[in-house]
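These notes are about the structure you will find just below.
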Amino acid sequence: SHAERSNQRYGFYRPGIEQEARIQYELENDLHFSIERGELFVMYQPFVYGSEGATKGMEALLRWKHPVHGMIPPSTFIPMAEENGLIHQLGRWVLEEVCREAGPVLKRNRSWTAAVNLSSRQLEHSGFIEELPGIVHAYGVEPDQLELEITERTMMQPERMLPVLNRLKAYGFRLSLDDFGTGYSSLSQLKELPVDTLKIDRSFIEDMNETQKNAAIVQTIIHAARNLNMKVVAEGIEEAEQAQELLEMACFYFQGYYFSVPKTIQEFPWSREA
Ligand code: C2E
Ligand code: MG
Ligand code: MG
Ligand code: MG
């Protein structure tokens with residue numbers, strides 16, 4: 001057809017742009033059917049404690065396997081879902097899936113927690129927040145074994161978010177501030193938040209060795225967490241040296257490819273034990 005021919009011609013001069021827009025459109029459309037078509041699944045990345053790297057729990061990371069375009073990263077489809085409102089449905093699905101497939105693991109390991117990411121749009125939807133306790137109870141999972149991760153940037157308006165966080169705490173969930181260090185929380189704001197855990201953003205860990213400034217930021221976050229009685233987790237550990245340096249700075253919880261990449265629940269040794 002004419003359209004196809006002109007597409008091909010343009011394609012030569014503007015590689016990818018039209019096609020990218022078309023794929024974007026296709027994905028936005030297909031995301032609506034991803035749940036019913038069984039294209040979503042959850043991967044789990046352990047977080048570990050101490051020099052031995054003992055598992056203490058895991059973070060649930062959502063995956064979408066598109067039948068034509070393959071694995072679509074959450075950085076692509078989560079913003080789409082936030083834009084078109086599908087995020088509430090996806091969020092409910094993730095929490096249910098985590099309770100269903102990771103619930104037995106949590107019951108066998110009562111001190112472990114499973115972390116689930118929530119985006120700002122999800123927190124703004126009171127209907128969604130009210131649904132959470134029911135979902136967890138339906139699977140017999142204790143809410144204090146679920147840690148809801150909220151990015152520090154979401155906390156830019158703490159006065160708006162505080163009632164929601166207090167509500168989640170009242171339901172018994174644990175709360176974690178994700179990507180910490182990339183937002184602008186002051187210590188005085190931080191002490192008002194009912195947060196259990198700070199997760200130091202990967203970017204500070206990445207070049208901690210090369211950049212003294214990053215090491216100083218990491219040390220400051222670790223001190224702040226200790227003073228506020230919060231747990232601190234370092235994300236994105238890729239080398240033994242990073243974990244070693246963090247241990248010396250009194251950070252004991254780690255997550256990263258060095259310990260384990262995200263895996264399906266079946267790939268974990270603990271899911272095979274019972
Ligand atoms: P996040 O919550 O900060 O998750 C950590 C990300 O870092 C994950 O990327 C993980 O695979 C990756 N990662 C872990 N260890 C390493 C490492 O050692 N090196 C490097 N380079 N990367 C590492 P992923 O799975 O692509 O997720 C990206 C983001 O998407 C997450 O960042 C989170 O903000 C969001 N996300 C994922 N699942 C969900 C979900 O169910 N709901 C919502 N709202 N957001 C989600
Ligand atoms: Mg996270
Ligand atoms: Mg993070
Ligand atoms: Mg991140």
Side-chain angles (χ1 to χ4, degrees), residues 31 34-35 39-48 53 57-65 70-102 113-125 128-129 132 135 146-155 164 168 173-183 195-208 218 221 231-243 246 253-265 267:
L31 191 57
S34 60
I35 296 179
E39 295 164 1
L40 297 179
F41 63 101
V42 178
M43 299 281 269
Y44 299 86
Q45 185 179 39
F47 47 80
V48 304
M58 62 279 200
E59 176 173 7
L61 297 161
L62 184 56
R63 296 289 179 262
W64 179 22
K65 188 157 192 253
M71 292 295 291
I72 313 298
S75 55
T76 298
F77 71 84
I78 295 287
M80 286 178 182
E82 293 199 299
E83 191 66 35
N84 62 24
L86 216 66
I87 190 70
H88 307 304
Q89 236 176 293
L90 293 194
R92 190 187 309 126
W93 186 86
V94 171
L95 191 68
E96 269 204 77
E97 185 70 354
V98 169
C99 290
R100 188 184 67 78
E101 62 177 9
T113 54
V116 174
N117 292 285
L118 296 184
S119 51
S120 52
R121 279 287 304 273
Q122 293 175 274
L123 292 180
E124 285 161 6
H125 188 342
F128 174 75
I129 299 299
L132 299 183
I135 294 174
L146 286 176
E147 189 150 45
L148 306 175
E149 293 197 356
I150 297 144
T151 63
E152 187 197 7
R153 285 161 197 273
T154 301
M155 285 304 128
V164 181
L168 291 170
F173 294 106
R174 296 176 60 86
L175 298 178
S176 173
L177 274 190
D178 205 353
D179 302 348
F180 194 79
T182 61
V195 164
D196 304 279
T197 304
L198 297 185
K199 292 187 89 170
I200 308 173
D201 191 65
R202 187 169 84 223
S203 60
F204 301 107
I205 308 298
E206 216 164 47
D207 39 26
M208 207 168 45
V218 168
I221 297 174
K231 188 171 129 183
V232 61
V233 180
E235 314 187 287
I237 307 291
E238 294 183 356
E239 297 155 17
E241 297 73 47
Q242 292 169 323
L246 285 156
Y253 290 91
F254 308 118
Q255 201 178 327
Y257 296 163
Y258 173 69
F259 294 101
S260 174
V261 296
K263 294 175 175 181
T264 64
I265 201 79
E267 286 174 293

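Only heavy atoms go into these numbers, but all of them, side chains included; no hydrogens, no water, no symmetry mates. As the structure lists them, so they are numbered: ligands from 1, and atoms in each ligand from 1.
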The atoms of ligand 1 lying under 4.0 Å from a heavy atom of Asp179, numbered in the order shown, are 3 (O)

Trace of the side chain to side chain contact (heavy atoms under 4.5 Å, CB included) decision for Asn117 with Glu149: CA-CA 5 Å; Asn117 292 285; Glu149 293 197 356; 3.1 Å; yes

Non-hydrogen side-chain atoms of Trp93 and Val42 separated by less than 4.5 Å: yes

Measure from the Mg ion (ligand 3) to every N/O/S atom of Glu235 and report the name of the nearest one. OE2

Backbone, side chain, both or neither: what part of Glu235 comes under 4.0 angstrom of ligand 1, heavy atoms only? side chain

Report, in ascending order of atom number, the atoms of ligand 1 lying under 4.0 Å from any heavy atom of Gln122. 44 (N)

Rounding to 0.5 Å, atoms OH (Tyr258) and CD1 (Ile205) come to a distance of 15.0 Å

Please state whether the rings of Phe77 and Trp64 are parallel, tilted or perpendicular, taking 30° and 60° as the class boundaries. perpendicular

At under 4.0 Å between heavy atoms, what of Met43 touches ligand 1? The answer is neither

As an exercise, identify every atom of ligand 1 less than 4.0 angstrom from a heavy atom of Gln45. 14 (C), 15 (N)

What residues form a salt bridge (charged side-chain N to carboxylate O under 4.0 Å, His left out) with Arg100, not counting sequence neighbours? Glu97

When rounded to the nearest 0.5 angstrom, what is the spacing between CE in Met43 and CG in Leu61? 8.5 Å

If we number the atoms of ligand 1 from 1 as shown, the ones under 4.0 Å from a heavy atom of Ser119 are 44 (N)

Please state which part of Val94 comes within less than 4.0 Å of ligand 1, counting heavy atoms only: side chain, backbone, both or neither. side chain

Is Glu149 close enough to the Mg ion (ligand 3) that one of its N, O or S atoms comes in under 2.8 Å? no

Out of Ile87, Leu40, Leu62, Ile205, whose heavy atom sits nearest atom 41 (O) of ligand 1? Leu62

Under 4.0 angstrom from ligand 1, any heavy atom of Gly236? yes

Ignoring hydrogens, just give me the one of Ala115, Pro79, Pro74, Ser75 whose non-hydrogen atom is nearest atom 24 (P) of ligand 1. Pro74

Under the side chain to side chain contact (heavy atoms under 4.5 Å, CB included) rule, what do Glu152 and Asp201 come out as? Steps first, then yes or no, please. CA-CA 10 Å; Glu152 187 197 7; Asp201 191 65; over 6 Å; no

List the steps and the verdict of side chain to side chain contact (heavy atoms under 4.5 Å, CB included) for Arg153 and Ser120. CA-CA 9 Å; Arg153 285 161 197 273; Ser120 52; over 6 Å; no

For Pro262, atoms of ligand 1 separated by under 4.0 Å from a heavy atom: 11 (O)

Would you kindly specify which portion of Val116 sits under 4.0 Å from ligand 1, judged on non-hydrogen atoms: side chain, backbone, both or neither? neither

Heavy atom under 4.0 Å from ligand 1: found in Leu90's side chain, backbone, both, or neither? neither

Lys/Arg-Asp/Glu bridge criterion (N-O < 4.0 Å) met for Glu59, Lys199: yes

Once rounded to the nearest 0.5 Å, what's the spacing between atom CG of Leu90 and atom CD of Gln122? 8.0 Å

Residue part near ligand 1, for Gln255, under 4.0 Å between non-hydrogen atoms: neither

Using side chain to side chain donor-acceptor pair (under 3.5 Å) as the criterion, list what pairs up with Asp207, not counting sequence neighbours. Asn214

Roughly how far apart are Glu238 CD and Tyr257 OH, rounded to 0.5 Å? 7.0 Å

After noting the C-alpha distance and the side-chain angles of Tyr253 and Lys231, does the key distance pass the side chain to side chain contact (heavy atoms under 4.5 Å, CB included) rule? CA-CA 8 Å; Tyr253 290 91; Lys231 188 171 129 183; 3.6 Å; yes

Which N, O or S atom of Glu59 lies nearest to the Mg ion (ligand 2), by name: OE2

Taking the N/O/S atoms of Asp179 one by one, which is nearest to the Mg ion (ligand 3)? OD1

Any N/O/S atom, side chain or main chain, of Asn117 closer to the Mg ion (ligand 2) than 2.8 Å? yes

How many angstroms lie between atom OG of Ser119 and atom CD1 of Ile87, to the nearest 0.5 angstrom? 4.0 Å

Taking only non-hydrogen atoms of Glu206, do any sit less than 4.0 angstrom from ligand 1? no

In Å, rounded to the nearest 0.5 Å, how long is the span from CZ of Arg174 to CG of Leu146? 11.0 Å

Polar atom proximity, Thr151 to ligand 1 (N or O, under 3.5 Å): no

Option of least heavy-atom distance to atom 25 (O) of ligand 1 (set: Glu59, Arg63, Glu238): Arg63

Need the atom name: nearest N/O/S atom of Asp178 to the Mg ion (ligand 3). OD1

Yes or no: does Pro73 have any heavy atom under 4.0 Å from an atom of ligand 1? no

Under 4.0 Å from ligand 1, counting heavy atoms only, is it the side chain of Ile78, its backbone, both or neither? side chain

